[in-house]
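Okay, structure first, notes after.
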Amino acid sequence: MKRAIKWGGIIVLTSALLITLLTLLFYFPPFQNWAVKQASAYASKKTGMQISVGSVRLSFPLDLDMREVKVLEPSRKNKQINDTVADITSMVADVQLLPLLRKQVMVDKLVMNNMKVNTTHFIDNVCIKGDVGTLSLKAHGIDLSKEYVKLNNALLSDASLTVELSDTVPPDTTPSQNFWKINIDRLKLRNAALTVRMPGDSLSVNTLFNKAQATQVYLDLHKALYTVGHIDWESGGLRYDQNFVPAVRGFDYNHLLLTGLAMKADSFYYYNSRIDLKVIQGRFREKSGFTVDSLRGRFTMDSLRLSLPDLKFSTPGSQVNMKMSMDLNAFDDVRPGIFQTEVHGAIGRQDLMLFIGDALPRKLAKSWPRYPLVVNGGIRGNMQKMHFPGLTLKLPGSFNVTGNGFVENLMSPNRLRADVDLRARTQNLKFILPMLPREVTSTIRIPEGITFKGRVHVNGNQYGSRFVATQGGGTLRGDVNFNAQRMAYQAKLSANRLPLHHFLPRMGLRPFTGTANITGEGTDIMSPRTRLKADVKMHSFGYDKYNLSGVTFRAQVANGHVVARINSKNKLLKGTLTVDALTRGRMFRGTLGCDLEKADLF
């Protein structure tokens, strides 16, 4: 019996000693390198990849230091070459021992330096690849049996990564076996660049995180679901490109470049090509010069549409609250989508010119006042046809306009069409004068206090309106048409005490009551190209000290030939005057005929 106990004790002690010696061997460098080679060969055989480790060091209990770690797999496009899945210059890990017995991993420290990574087909519908300077993390909650990772802290620095979504990734017919879920309490980014490419490379988004932090991060690699509880992006940049849409000058909705970007967000959500972001604070500068000092609101986008359901922002010259939704093809030339927005706020001159300056005549854009344009209302449509129900525009000191109607072909002034129910009141409109011909501005002024109520039609260079206008106590009703290219005009007007001297201050005119029917082309009476037919009835009118009430005037001008007839029935003249003249150069030659019953010019 004693002998059996003796031999049993020897066996137990020997076994314990062998186990201890074997364990100690793992801390002996030559044995470590041999064991790593054997493990690498076994892992390579099982995974079908080439796994190698240059050197390894293990210190008690599980402090691991590996160098030159490489993972290669045969390319799916060409089996003769290998794709690099991972290439890590150095990796240091500090792992707790006892949790491993429960299939749980507690990592006190994991640091990887100078790493190249390519997830290839490991994540459904997503491929992540690029370079990483440093990746360090602490993970107390990795459950191997449940395929779950809990990261307490993670740092990504000096990285450049590309995320390719959906059909930009080569198709994988193998059923997905990646059910890993990852929770990250805190993720810090330093000098990290991230590029996201949407399906078909139709859209790409490049982001630069000079300094950023995210908390409550959740990644479901099987569903390709990614959420973030809070984002603090202190400095960086963003580039957004519709890759198949040509770039244009100025503010280009399809090609944005934001620098000096800072943002705080309460939530971020990505699933099935849909992005949902709630911004509580932001600022940036766009390449066109558009600068935002403060920004907050919700942003959603998928492969078809962008939406801003409640956006508030301010620039050095603007403050705007708006709601917007836009199909990403809203500015296409062929079969464009819809752009819809509701805006309340004031837009500074610099910002306004960035968005509409190219659509305005050059002289008008240059002379536009420096006051902010106050906007209230909404628009819906695209650059082919835009509707605006109840849109109000107010430029302090210049005008207050409310419109309801539509505009077509906004980017082609020669093909512009519009039908607008318009209400307006003006103040100082001198900024419009540089757009008019010099011969017109030398005699005509645009007074303050004009009110307008009517319907306006535009068809290319053809403008028309039926309206009622007032100014200075007078009223004008009209049906007018004007061709800006030919300087041709047609007007049927009815006036009551219209203060013409406010519009033609150098001519000594008095308020006009009467009617006029005028058709013509050109404004220079001495030009042989000018055409004019006029029929004017002056019920009440005066010129200088002369009372011209009760006068009927008919005139015709064509090919340098002027014919006019005046019938007068007032205290100044009673009778008929006729003019028949020719214009040559600046000379006026003709005959004056009179058939007067009475003339009292004094």
Side-chain angles (χ1 to χ4, degrees), residues 392-404 420-433 435-437 439-458 463-482 484 487-520 523 525 532-555 564 566-573:
T392 298
L393 305 176
K394 181 179 179 180
L395 187 62
S398 296
F399 61 77
N400 189 340
V401 180
T402 299
N404 188 345
V420 182
D421 185 9
L422 197 62
R423 305 286 187 274
R425 183 176 184 86
T426 71
Q427 291 173 286
N428 188 344
L429 294 181
K430 290 182 180 179
F431 68 94
I432 294 178
L433 296 177
M435 190 174 60
L436 303 176
E439 59 270 21
V440 175
T441 59
S442 63
T443 56
I444 291 179
R445 296 292 182 267
I446 304 177
E448 297 185 7
I450 300 173
T451 66
F452 181 94
K453 180 180 179 181
R455 200 162 192 90
V456 177
H457 308 277
V458 179
Y463 302 83
S465 177
R466 289 185 178 181
F467 63 89
V468 176
T470 65
Q471 200 279 326
T475 302
L476 176 65
R477 300 177 184 273
D479 184 355
V480 301
N481 290 281
F482 174 67
M487 288 299 293
Y489 42 86
Q490 180 180 5
K492 293 182 179 181
L493 305 171
S494 176
N496 180 32
R497 298 191 56 80
L498 183 67
L500 293 179
H501 54 287
H502 293 174
F503 297 84
L504 301 165
R506 299 180 181 179
M507 300 184 67
L509 303 177
R510 299 181 189 177
F512 177 86
T513 299
T515 60
N517 191 344
I518 302 172
T519 303
T523 57
I525 195 69
L532 174 67
K533 286 185 179 180
D535 185 353
V536 180
K537 295 180 180 180
M538 298 180 292
H539 302 304
S540 177
F541 183 53
Y543 170 70
D544 198 13
K545 62 181 180 179
Y546 303 109
N547 185 354
L548 302 179
S549 302
V551 174
T552 299
F553 171 77
R554 289 184 174 86
I566 301 174
N567 290 322
S568 178
K569 296 180 181 180
N570 54 46
K571 294 181 180 180
L572 181 66
L573 290 173

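Numbers here are sequence positions counted from 1. Hydrogens, waters and symmetry mates are skipped; everything else that's a heavy atom, side chains included, is used.
- Between Asp535 and Arg554 there is a salt bridge, since a side-chain N of the basic residue sits under 4.0 Å from a carboxylate O of the acidic one.
- Close placement of the Phe541 and Phe512 rings is indicated, their centers lying within 6.0 Å of each other.
- Side chains of Arg445 and Lys430 form no contact here, defined as non-hydrogen atoms less than 4.5 Å apart.
- Atom CZ in Arg466 sits 15.5 Å away from atom NZ in Lys453 (nearest 0.5 Å).
- The distance from the CG atom of Asn567 to the NZ atom of Lys537 is 10.5 Å, given to the nearest 0.5 Å.
- Legend: residues meeting side-chain contact (heavy atoms from CB on, under 4.5 Å) with Leu504, ordered by chain and number and at least two apart, are Ile444, Met507, Leu509.
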Inset, instruction - Report the C-alpha separation of Phe452 and Ser465 in whole Å, then their side-chain angles, then the decisive distance to 0.1 Å, and conclude whether the side-chain contact (heavy atoms from CB on, under 4.5 Å) test is met. - result: CA-CA 11 Å; Phe452 181 94; Ser465 177; 3.3 Å; yes

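- The pair Asp479-Arg477 does not count as a salt bridge, with every side-chain nitrogen at least 4.0 angstrom from each carboxylate oxygen.
- Closest heavy-atom contact between Val480 and Ala491: CG1-CB, 3.6 Å.
- Side chain to side chain, Thr402 and Thr392 meet the donor-acceptor criterion of an N or O pair below 3.5 Å.
- Between Val401 and Ala424, the closest heavy-atom pair is CG2-CB, 3.9 Å.
- Expressed to the nearest 0.5 Å, how far CG of Leu548 lies from NE2 of His539 amounts to 14.0 Å.
- To the nearest 0.5 Å, atom CG of residue Asn517 and atom CD of residue Gln490 are 7.5 Å apart.
- Side-chain atoms of Ser540 never come within 3.5 Å of backbone atoms of Ser549 as a donor-acceptor pair (strictly under, hydrogens ignored).
- Contact record, Gln427 with Pro396: OE1-C, 4.5 Å, taken as the closest heavy-atom pair.
- To the nearest 0.5 Å, atom CG of residue Leu476 and atom CZ of residue Phe503 are 8.0 Å apart.
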Legend entry - Steps toward side-chain contact (heavy atoms from CB on, under 4.5 Å) verdict (Ile518, Tyr489): CA-CA 8 Å; Ile518 302 172; Tyr489 42 86; 4.0 Å; yes

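- Proximity of Val551 to Ile566: side-chain heavy atoms (C-beta onward) are separated by under 4.5 Å at one or more points.
- Counting heavy-atom neighbours within 6.0 Å of Phe482 CZ, excluding the residue itself, gives a total above 12.
- Atom OG1 of Thr426 sits about 11.5 Å away from atom CG of Leu395, to the nearest 0.5 Å.
- A side chain to side chain contact (heavy atoms under 4.5 Å, CB included) with Thr470 is found for exactly one of Ile450, Asn496, Leu498, Thr475, namely Thr475.
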Inset, instruction - Please step through side-chain contact (heavy atoms from CB on, under 4.5 Å) for the pair Phe431 and Ser398, ending with a clear verdict. - result: CA-CA 9 Å; Phe431 68 94; Ser398 296; 3.8 Å; yes

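- A pairwise comparison of heavy atoms in Asn481 and Gly464 identifies OD1-CA, 3.6 Å as the closest pair.
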Legend entry - Residues Met487, Thr523; criterion side-chain contact (heavy atoms from CB on, under 4.5 Å); working and verdict: CA-CA 8 Å; Met487 288 299 293; Thr523 57; 4.2 Å; yes

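- Side-chain atoms of Gln471 come within 3.5 Å of backbone N or O of Glu448 as a donor-acceptor pair.
- Judged purely by atom type and a 3.5 angstrom limit, Arg510 has no side-chain atom pairing as donor or acceptor with the backbone of Pro499.
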